[in-house]
Structure formats: structure tokens, C-alpha cells
Amino acid sequence: MDIKLEPKKLGDVDSDALVIVGFETAPPDVAAADQIKELYDSGEFSGKALEIAILHRPAGLKAKRLVLAGGGKRDKFNPAELRKLTGAVVRALKCKGIRSITLALDEPWRSDDFAAAAVEGAVLADVENDRYKTDPKKNEKQVESFSVLSGSPAAVNRGRILAEAQNFSRDLANEPANILTPMLLADRARQMSSEFGLECEILDQDRMRQLGMGALLGVAQGSAEPPALIVIRYQPAGTPASKDHLGLIGKGVTFDTGGISIKPSDGMEKMRYDMSGGAAVLGAMRAIAQIKPSIPVTALVPAVENMPGSKAQRPGDIVKSLSGKTIEVLNTDAEGRLILIDALTYAQRLGCTHLVDAATLTGAIVVALGNVNIGAFTNNEAFLKKLLTASQAEGEKTWQMPMDEEYKELLKSSFADLHNIGGRSGGSISAAWFIRDFVGETPWIHLDIAGTAWLDDAKPYMAKGATGVGLRTFVRLAESW
Ligand code: BES
Ligand code: ZN
Ligand code: ZN
């Protein structure tokens with residue numbers, strides 16, 4: 001899909017569909033006012049969020065159709081609402097074989113934030129996840145161009161970069177696990193890095209053994225697929241203004257069976273998205289390479305498959321992490337935290353001064369926050385504040401979870417320095433405490449995206465499957481440093 005900025009007059013737009021936003025209170029006052037008023041009066045269109053109505057041959061316009069898109073309540077309209085709305089418009093019009101779409105926004109929505117969000121919504125909506133369908137007709141209906149009339153070229157470009165990066169992440173997370181093994185994930189990371197001028201290094205099993213990443217390797221040992229630790233570096237041009245160095249760490253479990261503590265089979269197929277944190281981090285680097293923020297950023301993705309093979313680790317096994325601390329593995333299904341801590345320790349050794357990890361870490365966060373908010377945990381309130389500002393600007397809802405010292409007690413082990421589960425109550429908090437135990441005083445944020453990284457049902461604005469959540473927050477955080 002071509003993304004264009006076309007500062008034209010409404011009457012000069014000649015695309016298949018000219019889209020304007022109609023709110024709940026009053027019809028928009030543009031061309032074809034009588035026809036629009038009729039739609040409102042007849043109750044065919046009320047302006048409710050994501051509602052769509054189509055007028056053919058609108059009076060006084062060159063465009064073939066005028067599309068009214070519901071913006072909901074006028075005073076609640078923001079970039080996040082517009083992102084969903086353009087997505088819903090693209091998906092609805094695409095089904096009808098419409099090929100060119102132009103969005104016209106009124107004042108006060110002609111700003112850059114709205115233009116970028118509009119483009120993001122359109123690009124994110126244009127994904128079907130039908131790569132493995134053999135239907136020859138599947139690509140017949142395509143939107144060829146999406147144009148906006150307002151905003152700066154930089155904003156439109158930023159929107160396109162972010163959404164394309166997010167689609168790259170979603171594509172990785174949607175891939176079935178027989179295709180996307182840890183090594184293939186590493187290959188894709190390498191390819192992406194060379195395409196966008198990033199430095200990429202893959203640590204293999206031997207290297208990780210030399211370094212002493214016993215926690216990560218313990219998880220990997222039950223699978224025939226070798227693990228990989230993906231490291232990607234972005235270095236800004238010129239001398240950086242400060243010594244700060246952002247580390248983005250993403251859980252990369254290409255499939256999580258639970259290992260010997262095996263999961264029930266119902267819904268297990270979804271566990272291919274257990275590398276969504278890793279995918280978000282890789283996608284963030286793809287965008288960062290193009291947007292070029294002024295802070296150095298290093299991404300680390302520990303990639304493993306959690307399988308119950310004959311060499312698999314057993315409950316009760318004790319492993320030694322890269323940090324030197326020992327861990328009693330009481331449950332092999334609590335594997336995410338085990339691979340993350342070795343990657344986090346390594347990130348610190350590489351000089352990262354600020355750490356953010358993203359992981360589909362616990363079912364408990366889904367119980368706590370459902371599929372709406374990312375759960376955020378930190379050892380540094382000021383750092384989290386920065387991230388929350390970024391996530392809010394990007395419309396990626398994030399909710400801070402408590403980290404009282406009492407929860408840490410749950411991890412005391414009789415036989416090692418700590419064990420890897422904290423019990424059912426407060427499960428996402430004890431998981432966060434486990435990680436926190438390894439980062440020390442380094443400012444750190446953990447994002448539990450288990451509830452937000454996957455859509456069980458398609459939304460009007462997005463296909464079923466991986467969402468790519470977290471990526472836009474990462475990029476905005478780096479940009480706003
Ligand atoms: N990958 C899962 C968490 C998960 C659950 C992600 C549901 C998405 C949806 C993780 O590795 C896991 O299995 N966590 C366990 C931890 C428990 C054994 C302490 C969980 O949440 O049940
Ligand atoms: Zn697990
Ligand atoms: Zn997992």
C-alpha cells in the first residue's frame with residue numbers, strides 16, 4: 001500500500017473513497033452536506049466510533065464515494081481513536097474492492113500526531129495473515145493507496161515506519177513454530193539488521209556455554225532446536241549528549257510447551273506467540289534505525305524453544321545463571337524469566353544503563369488486566385514515568401503493578417539462591433521480582449504483555465493474531481530521551 005501526503009482541496013480529491021470523520025453530535029459541515037444530513041436524520045449513521053457509511057457520487061466532489069467514518073464523541077477524539085478508525089475504514093473498504101482512499105481531517109485534527117496515527121491505522125489494518133492459504137484469489141482485493149491531506153511529510157513518514165515495523169513484528173509472532181525456530185528468528189534479525197544498517201551479532205550455544213548462561217541454556221536443552229542470543233546495536237551519529245544507553249530485551253520463546261511441567265493442550269497452539277516480546281524489540285530496532293534517535297540502543301533477544309525432550313531440564317534442577325546466582329527450577333513452564341535474566345545480565349555487561357524488557361511472561365497478568373493493559377513493573381519510578389508518557393502518546397495502554405518487598409519472599413528457595421515460581425497468587429508480581437533480583441540498581445522496567453500481544457478475534461481495525469504491542473512505546477521512549 002502506497003502512503004501519500006497530498007495537500008489538496010477536498011473538491012480536488014479524485015480517489016475511489018474520500019473519508020471524513022462524523023461525530024455523534026452533529027453532521028460534519030463539508031461538501032455534500034444535504035446527503036450527509038439525510039444519513040444522520042434517517043439514523044443510518046449516528047457517528048458512533050468505527051461506524052461506516054458510504055455515499056456514492058457525492059454532490060460537488062470529484063471522489064467516487066464519500067465515506068463517513070464514525071469518530072464517537074467529539075471531545076474524546078484523539079490519535080488512538082483515529083488509528084483504529086482508519087484501520088476499520090481500510091478493512092471495510094478493502095472487502096469492497098476499493099483501491100484508493102483519501103482521509104480528510106478537519107481542524108483541530110490537522111496536526112502531525114493525527115496524521116501519523118491515521119497512517120499507522122491504515123498500514124496495520126492492511127495485514128491478513130493468509131500467507132499459508134493457497135486460495136489464488138486471496139490477493140485480488142487490495143488497497144493500493146492511502147492518502148492524507150494534512151500533517152507534515154516527517155509525521156506521515158514516521159507513521160509509515162512505525163506501522164511497517166509493527167507489521168514486521170506481528171509477522172514474526174504469527175509464524176508457526178515449525179517454521180520460526182530460534183535459528184530462523186536469528187536469521188530474520190540478521191537480515192533486517194543488514195537491510196537497515198544495524199550491527200547484529202548472534203551468540204550460539206557454545207558461546208553461551210563459555211559465558212556461563214546456565215539459566216537460558218537449561219530452558220533450551222529440552223529441544224532439538226539450538227538456542228540463539230540475538231544482539232543488535234544502534235549507535236547514533238556524532239557524540240551522544242549523555243552516557244545513557246538503552247537496552248531493550250524481549251522474550252523469544254518460539255514455542256512454549258511448558259517443558260516437563262507441560263501445559264494443557266487446550267489453546268497450546270497459541271504459544272507460538274511466546275516470542276512476541278522479542279518480536280517487538282526487533283521491530284523497534286527496525287524503526288529506530290530509520291528514525292535515528294540520539295540515544296544508543298541495544299536489543300537483546302534470547303531465543304529458545306521450551307520442549308519436554310529427553311534432555312529437558314526437570315523440576316528440582318538447579319542451574320547457575322550468568323550473574324553467578326543459582327536457581328532451583330521448580331516449574332519448567334516458568335521459563336521466560338530464566339532466559340530473560342541471563343540476557344539482562346549480559347545487557348548490563350554490554351554497557352546498557354537503562355533496561356526495558358517485554359515478555360509474554362505470565363497467565364496471571366491476563367487475570368489481572370485482561371487483554372486491555374500491559375502490566376508494567378519497575379525498580380525506578382522516574383524511569384517508568386518516562387515510559388508511561390511514551391506509551392500513552394502511542395495509545396498502548398499500560399498499567400503500573402505494585403512491587404512491594406513482601407512479594408519477594410515468595411521466591412525463597414531451600415536449596416539454591418532462589419526458585420523460579422512464586423505461586424498462583426500475585427503470579428505476575430513474583431515473576432517480576434524474580435527478574436528484579438538480577439538487575440540490581442540499574443533502572444529497569446518489565447512489561448508483561450501476555451494479555452495484549454495476541455487478538456483471539458479479529459477487530460474491525462486489525463486481523464486476528466499477533467498485535468505487535470510494545471514496539472511503538474519503545475520507539476517513542478528512545479525518541480524522547
Ligand atoms: N508463556 C507463558 C505465559 C503465558 C500464559 C503467556 C498465557 C500468554 C498466555 C509462561 O511461560 C508461563 O507458562 N507462565 C506460567 C508461570 C507459572 C508456571 C509460574 C503461568 O503463567 O502459568
Ligand atoms: Zn511457560
Ligand atoms: Zn512462556
Side-chain angles (χ1 to χ4, degrees), residues 173-174 177 180 182 185 215-216 218-223 225 227 249-280 301-308 312-317 327-343 357-375 377 401 407-408 410-411 413 418-435 446-456 465-470:
N174 282 325
L180 197 93
L185 183 61
L216 191 162
V219 175
Q221 76 192 31
S223 171
E225 296 295 338
I249 296 89
K251 173 176 174 180
V253 175
T254 59
F255 197 79
D256 183 11
T257 64
I260 295 299
S261 315
I262 199 160
K263 289 181 180 294
S265 48
D266 231 23
M268 205 206 269
E269 75 281 354
K270 261 176 69 177
M271 280 302 128
R272 65 179 187 275
Y273 89 107
D274 214 17
M275 32 63 72
S276 294
V301 179
V304 305
E305 187 181 49
N306 190 22
M307 295 286 274
Q313 69 181 345
R314 297 137 289 245
D317 281 7
I327 303 153
E328 183 186 7
V329 179
L330 286 184
N331 189 315
T332 64
D333 197 11
E335 85 296 341
R337 60 199 80 179
L338 294 169
I339 65 170
L340 285 171
I341 52 146
D342 276 349
D357 77 69
T360 45
L361 203 67
T362 66
I365 202 69
V366 191
V367 175
L369 300 177
N371 305 115
V372 178
N373 273 280
I374 296 172
F377 304 81
M401 298 288 289
Y407 295 103
K408 192 180 170 184
L410 300 166
L411 298 169
S413 162
L418 69 173
H419 57 225
N420 75 329
I421 54 170
R424 269 171 61 80
S425 318
S428 62
I429 309 175
S430 51
W433 258 112
F434 181 89
I435 301 173
H446 157 60
L447 301 177
D448 196 334
I449 58 170
T452 44
W454 188 266
L455 281 178
D456 282 322
T467 62
V469 77

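Heads up: numbering here begins at 1 and tracks the sequence. None of the values given here were measured: they were computed from a predicted structure. Every heavy atom of this structure was used, including side-chain atoms; hydrogens, water molecules and symmetry mates were not. Each ligand, and each atom within it, is numbered from 1 in the order the structure gives.
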Can you list, pair by pair, the side-chain donor-acceptor contacts under 3.5 Å of residues 262-270, counting residues two or more places apart and other chains?
| residue | atom | partner | partner atom | Å |
| --- | --- | --- | --- | --- |
| K263 | NZ | D333 | OD1 | 3.2 |
| K263 | NZ | D333 | OD2 | 2.9 |
| K270 | NZ | D456 | OD1 | 3.2 |

For this session: Sort by chain and number the protein N/O/S atoms found under 2.8 Å from the Zn ion (ligand 2).
Result: D256 OD2, D333 O, D333 OD1, E335 OE1

Spell out, as yes or no, whether a donor-acceptor pair under 3.5 Å connects the side chain of [X] to the backbone of [Y].
X: T332; Y: S261; result: yes
X: D317; Y: R314; result: yes
X: D256; Y: N306; result: no
X: R337; Y: A432; result: no
X: D448; Y: G375; result: no

Could you list the donor-acceptor pairs under 3.5 angstrom formed by side chains in residues 420-427, with sequence neighbours left out?
| residue | atom | partner | partner atom | Å |
| --- | --- | --- | --- | --- |
| N420 | OD1 | L330 | N | 2.8 |
| N420 | OD1 | N331 | N | 3.3 |
| N420 | ND2 | N331 | O | 2.8 |
| N420 | ND2 | A334 | O | 3.2 |

Exercise. Centres of the Y273 and W454 rings: under 6.0 Å?
Worked result: yes

Exercise. Near ligand 1, which residues have a heavy atom under 4.0 Å away from one of its atoms?
Worked result: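 Contacts of ligand 1 under 4.0 Å: K251, D256, K263, M271, Y273, D274, N331, D333, E335, R337, T360, L361, T362, G363, I421, A450.
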
For this session: Let me see the working for K251 and D274 under salt bridge (Lys or Arg N to Asp or Glu O under 4.0 Å), right down to the final yes or no.
Result: CA-CA 7 Å; K251 173 176 174 180; D274 214 17; 3.1 Å; yes

